[in-house]
Every structure is written in structure tokens, then in C-alpha cells.
Peer 1: 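One structure is given below, represented as C-alpha cells, and several questions about it will come after.
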Amino acid sequence: MNVHVLPMTAAPIDAVRHDWTRAEAQAIHDLPFNDLLFRAATVQRLHFDPNKVQLARLLSIKTGGCAEDCGYCSQSAHHASGTGLKASKLMEVERVLNEARKAKAQGATRYCMGAAWRSPKSRDMDSVVAMVEGVKALGMETCMTLGMLSDDDVVKLKDAGLDYYNHNIDTSERYYSEIIKTRTFADRLDTLSRVREAGIKVCSGGIVGLGETIEDRIDMLVTLANLEQHPESVPINMLIPIPGTPLENRKKVDPIAFVRIIALARIMMPTSFVRLSAGRTEMSEETQALCFFAGANSIFCGETLLTADNPGEDKDQALFNKLGIEPMALDTDAAADAGIETAPSEHAGCGCSGTSSCQTATSAR
Ligand code: SAM
Ligand code: DTB
Ligand code: SF4
């Protein structure tokens, strides 16, 4: 009988490395599927509880009318005649905080606020800062995605207490200009380094299904893994083909090929959260289960992403029940370090700080 074990390598399989070559990454990507999954699951278990998945919640705080021309996006003004999406103004701070409270009651620990901007205007920053402060005061991790940032912007966001900034590189450097012409891959990396230098944690990933090759997908992960520090969160989106955008007719992604990218992200960035992001409404339960086995340990919860649909609480709850997965609680030590007040753990889902009047069923799931 042939007994298969993990191949012996000079470095431990979960080494945090920043010197990946495409050839090495490709060799891992191309392993027989079972070997790839076993390796990714092994790496995951060295750093995370494999049966816990982080719940992040998204809110579009400013929808549509964006000056950028990202070929996949419903919110670009360049595609508005095709999508019919109307631009809206920046949401009121109180409304954002109300939505965040609801998300917290449903078990979300991270609140991500997104604006359809090329970059924020200085007149908008006061509201954005108030949103970060308000959501943080609820005891949630905060994330913002506002487009490109200046040195002033990152300082304001850091001072407000922002935990994460989401800024995706989306695809490989080679393929980038096929999808977006109004900014460059280098612009994206510039903002990421500003965010990092300001001491804000980085959330950066990309999209599978834009029409890119497998090599482009691998190169995207090589770029992320070879940043000076790995992004703490790596969202992997499957393209949601939006009618009226240039990519509306892109070929569907093969689910097994998608799982391979999740596994590779897990292996190359062993300590990062890998988020199974957009596109879950089109994924079978089996595909999602394979993604969790391959190392994905974060999802967006709720019925909407920014403009597109997401499975919603009931479907996710049912899937989690079948798989024996539980929502990940906020790491209280890390939260304390970040200045986030956490509720006693039995009230993690309701966010009431454990007051005697609390009626909320505690571990919501
Ligand atoms: N304007 C900001 C920016 O571009 O960074 C923030 C919002 S933007 C919608 C955030 C990310 O969502 C994009 O970088 C892209 O990776 C992802 N995204 C947008 N539309 C998508 C779609 N139709 N399918 C999958 N992912 C998408
Ligand atoms: C990320 O990587 N995916 C999220 C979040 N970061 C901002 C956005 C997904 C958007 C999906 C399309 C929509 O809702 O319009
Ligand atoms: Fe604008 Fe972001 Fe959409 Fe690009 S992805 S069009 S920057 S909202």
C-alpha cells in the first residue's frame, strides 16, 4: 500500500513567507486536488479553529455614480446606462449605526462600509470618521472601503480607530488594464502601502472569473503574499455578472478551479483570514463546504453585499448547522488591544454589554 504523507519541504508548511515565485505557487496549485486540500486544511488547523467562520457584514454607505470604470462593477458611472443604477448620496451616520446594530444582533463581528468613490472628498471625511467611531463604540471591528486614499485620509481613519481598510488588487498586474482603465495596479499598491504605514490592518484580495487565466489568479496571490506583510484579510470574490456591465457575459468559473484558489490563498497566507466573499448565491452548498475545508474562514453575512444579493441568515445558518460550523466570536484579547469593548461572551450576538434587561437569545447560532 502506498501511504501518502505531506511532502517534506525545507520550511514548515505553514511558514509565513514573502518570497513566493509563480513556479512554486503554481506547483502547489496544480497538486492533485486531494493533496492540495489536505495541505490547505493542515495549514489552517495550525492557526485557526477549522469549525469557526468569521461573520462580516457589508453596507453600501454611498452607492453608484463612481468615476472609475471597473468592468465588473454595478456602481461605475461608466456603465450606468446599461445597469440603470441611480447614484445616491452618502448615508446619514445614524442610519449606518442602526444598520450596524442589527448586524451585530445577527452575530456579525466585523462591519464593512463601502463607498462608490474613486477616492473620498475631504468634505466627506467627517461623516466617515463619525461612522468608524460609532461602529467601534458598538464593539465591532470596523472596515472601510472608499477607493484610493491620501496621506491625510489614512491619518484621519487611523485616528478614528479604523481597524481594517479593504482595497482589492482584483487580478494580476498583467490582466489589470483589461478590466480597469481609469487607474493602475500601481495606484492600488500605493494606497495599500499608505494604509499599512498608517498602522491600519489590510484587507486585500480579488475576483475570480473576470476572464483571467489560471496564471493570472496565481500571480494575484503571489503579489498579495509577497507584500511586506500579508493582508490580515484576503477576500476572494467570484464574479457576480451584473447585467449592463462589460463583464455581464463572462464564462462561469469552474467550482473546483475556484476551490483551488481558496486553498492556495490559505497555504500562501497561513495566518490571514481568507474570506469566501461575493458570489455565494450561485455556489452550491457543496462548493462552499469545500471552500471551508480548503481554508476559507470568513464570509459576508446578510441578504445583500453592496448592491448584489447574498444568501442571507437562514440559508447560512442551515449550511453551518449541516457542517457543524459556528460563527467565530471576536478575539477578546485582540479586541482589547485594538481598544474595542467586547460584551461578555454570552452576549456576543446581541451587543447589549450584558445588561439585566437583555432578552436576546445569546449564542444566536
Ligand atoms: N470603490 C471601492 C474600491 O473599488 O475599492 C470600494 C468598493 S468595491 C465595490 C470593492 C470590491 O468589490 C472590488 O474591488 C471588487 O473586488 C469587488 N466587487 C465589485 N463588484 C463585484 C462583482 N460584480 N463581483 C465580484 N466582486 C465584485
Ligand atoms: C470584497 O472583496 N467584496 C465586497 C467587499 N470587499 C467590499 C464587495 C462585493 C461586491 C459585490 C457586488 C455588489 O454587491 O455590488
Ligand atoms: Fe468604483 Fe469600486 Fe465599483 Fe470600481 S469597484 S467602479 S472603484 S465602486
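Given the structure is predicted, the values throughout are model-derived calculations rather than measurements. Order of appearance sets the numbers: ligands from 1, and atoms from 1 within every ligand.
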Peer 1: Which distance, rounded to the nearest 0.5 Å, do you find between the CG of L58 and the CG of L305?
Peer 2: 6.0 Å

Peer 1: Does NZ or CZ of R275 fall inside the cone over F300's six-membered ring, less than 6.0 Å from its centre and within 45° of the axis?
Peer 2: yes

Peer 1: Between D216 and T171, is there a side-chain donor-acceptor contact under 3.5 Å, judged purely by atom types and distance?
Peer 2: no

Peer 1: Return the residue, atom name and 0.1 Å-rounded distance of the protein heavy atom closest to atom 10 (C) of ligand 2.
Peer 2: L306 CD1, 4.1 Å

Peer 1: Hey, is E215 close enough to R22 for a salt bridge, meaning N to O under 4.0 Å?
Peer 2: no

Peer 1: Any non-hydrogen side-chain atom of P120 less than 4.5 Å from a side-chain atom of V128?
Peer 2: no

Peer 1: When you measure from the heavy atoms of R118 to every atom of ligand 1, does any distance fall below 4.0 Å?
Peer 2: no

Peer 1: Give a yes/no verdict on whether any heavy atom in G114 is under 4.0 Å from an atom of ligand 1.
Peer 2: no

Peer 1: Side chain or backbone, does L306 bring an N or O within less than 3.5 Å of an N or O on ligand 1?
Peer 2: no

Peer 1: So which protein heavy atom does atom 5 (C) of ligand 2 come closest to, and at what separation?
Peer 2: F300 CZ, 3.7 Å

Peer 1: Do L138 and R101 have side chains that approach each other closer than 4.5 Å (heavy atoms only, starting at C-beta)?
Peer 2: yes

Peer 1: What protein heavy atom sits nearest atom 16 (O) of ligand 1, and how far off is it?
Peer 2: D170 OD1, 2.6 Å

Peer 1: With side chain to side chain contact (heavy atoms under 4.5 Å, CB included) as the test, pick out the partner of I207 among I240, L239, N168, L247.
Peer 2: L239

Peer 1: Between Y176 and R183, does a side chain to side chain donor-acceptor pair (under 3.5 Å) hold up when you go through it step by step?
Peer 2: CA-CA 9 Å; Y176 200 80; R183 58 167 191 259; 2.9 Å; yes

Peer 1: With heavy atoms only and a cut-off of under 4.0 Å, state how H78 meets ligand 3: side chain, backbone, both or neither.
Peer 2: neither

Peer 1: So do T83 and T245 actually touch side chain to side chain, heavy atoms under 4.5 Å?
Peer 2: yes

Peer 1: Would you call M144 and I200 a side-chain contact if the rule is heavy atoms closer than 4.5 Å?
Peer 2: no

Peer 1: For ligand 3, which atoms have a heavy atom of C70 less than 4.0 angstrom away?
Peer 2: 4 (Fe), 5 (S), 6 (S), 7 (S)

Peer 1: Measure up the H230 and H18 rings against each other and bin them: parallel (under 30°), tilted (30 to 60°), perpendicular (over 60°).
Peer 2: tilted

Peer 1: Please could you name the atoms of ligand 1 that L239 approaches to less than 4.0 Å, counting only its heavy atoms?
Peer 2: 24 (N), 25 (C)

Peer 1: For S76, take its heavy atoms, then give the atoms of ligand 3 lying under 4.0 Å from any of them.
Peer 2: 6 (S)

Peer 1: Against heavy atoms of A115, which atoms of ligand 1 measure under 4.0 Å?
Peer 2: 1 (N), 2 (C), 6 (C)

Peer 1: Heavy-atom contacts with S74 under 4.0 Å: which atoms of ligand 2 show up? List them by number with element.
Peer 2: 15 (O)

Peer 1: Are the charged groups of K102 and E99 less than 4.0 angstrom apart, N to O?
Peer 2: yes

Peer 1: May I ask you to list the atoms of ligand 2 that are less than 4.0 angstrom from any heavy atom of P235?
Peer 2: 2 (O)

Peer 1: Please check whether L146 reaches ligand 1 - meaning an N/O of the residue sits under 3.5 Å from an N/O of the ligand, judged on distance alone.
Peer 2: no

Peer 1: Look at atom 6 (N) of ligand 2 and say which protein heavy atom is nearest, naming residue and atom and giving the distance to 0.1 Å.
Peer 2: N166 OD1, 3.4 Å

Peer 1: In terms of atom number and element, which parts of ligand 1 are under 4.0 angstrom from non-hydrogen atoms of G147?
Peer 2: 2 (C)

Peer 1: Which residue owns the protein heavy atom closest to atom 12 (C) of ligand 2, what's the atom, and how far is it?
Peer 2: A308 CB, 4.0 Å

Peer 1: In this structure, does ligand 3 have an atom that sits under 4.0 Å from one of the heavy atoms of R183?
Peer 2: yes

Peer 1: Can you measure from CD1 (I267) to CZ (R17) and round to the nearest 0.5 angstrom?
Peer 2: 12.0 Å

Peer 1: Is any side-chain N of the basic residue among D163 and R110 closer than 4.0 Å to the acidic one's carboxylate O?
Peer 2: no

Peer 1: Check this for me, if you would: do K62 and D124 make a salt bridge, where the nitrogen-to-carboxylate-oxygen distance has to be below 4.0 angstrom?
Peer 2: no

Peer 1: Would you mind telling me if ligand 1 is within reach of the side chain of T145, the backbone, both or neither, using heavy atoms under 4.0 Å?
Peer 2: both

Peer 1: Is L305 in polar range of ligand 2, meaning some N or O pair under 3.5 Å apart?
Peer 2: no

Peer 1: Counting both backbone and side chain atoms, is some N or O of Q75 under 3.5 Å from an N or O of ligand 2?
Peer 2: no

Peer 1: Nearest protein heavy atom to atom 10 (C) of ligand 1, by residue and atom, and its distance?
Peer 2: N166 OD1, 4.1 Å

Peer 1: So between S233, G64, A278, whose heavy atom ends up nearest atom 11 (C) of ligand 2?
Peer 2: A278

Peer 1: Could you tell me whether Y72 and ligand 1 have an N or O pair separated by under 3.5 Å?
Peer 2: yes

Peer 1: Any idea which protein heavy atom is nearest atom 27 (C) of ligand 1, and the distance to it?
Peer 2: I207 CD1, 3.7 Å

Peer 1: Could you work out, for atom 1 (Fe) of ligand 3, the closest of A116, A67, C66, S74 by heavy-atom distance?
Peer 2: C66

Peer 1: Mark whether atom 4 (Fe) of ligand 3 lies under 4.0 angstrom from at least one protein heavy atom.
Peer 2: yes

Peer 1: Are E232 and R196 ion-paired here, with the side-chain N under 4.0 Å from a carboxylate O?
Peer 2: yes

Peer 1: Could you check if a side-chain atom of F48 sits within less than 4.5 angstrom of a side-chain atom of V274, using non-hydrogen atoms only?
Peer 2: no

Peer 1: Checking contacts here: is it the side chain or the backbone of T307 that comes within 4.0 Å of ligand 2, counting heavy atoms only? Could be both or neither.
Peer 2: both

Peer 1: Quick one: does N168 get an N or O within less than 3.5 Å of an N or O on ligand 2?
Peer 2: yes

Peer 1: Would you say that M269 contacts L221 through its side chain, given a criterion of any heavy-atom pair below 4.5 Å between the two side chains?
Peer 2: yes

Peer 1: By number and element, which atoms of ligand 1 are closer than 4.0 Å to a non-hydrogen atom of W117?
Peer 2: 1 (N)

Peer 1: Does an N or O from R188, backbone or side chain, lie closer than 3.5 Å to an N or O of ligand 1?
Peer 2: yes

Peer 1: Answer yes or no: is there a side-chain heavy-atom contact under 4.5 Å between I236 and F258?
Peer 2: yes

Peer 1: What is the closest protein heavy atom to atom 12 (O) of ligand 1, and at what distance does it sit?
Peer 2: N168 ND2, 4.4 Å

Peer 1: Counting only heavy atoms, tell me which of I236, N237, T145 gets closest to atom 3 (N) of ligand 2.
Peer 2: N237

Peer 1: Checking contacts here: is it the side chain or the backbone of I240 that comes within 4.0 Å of ligand 1, counting heavy atoms only? Could be both or neither.
Peer 2: both

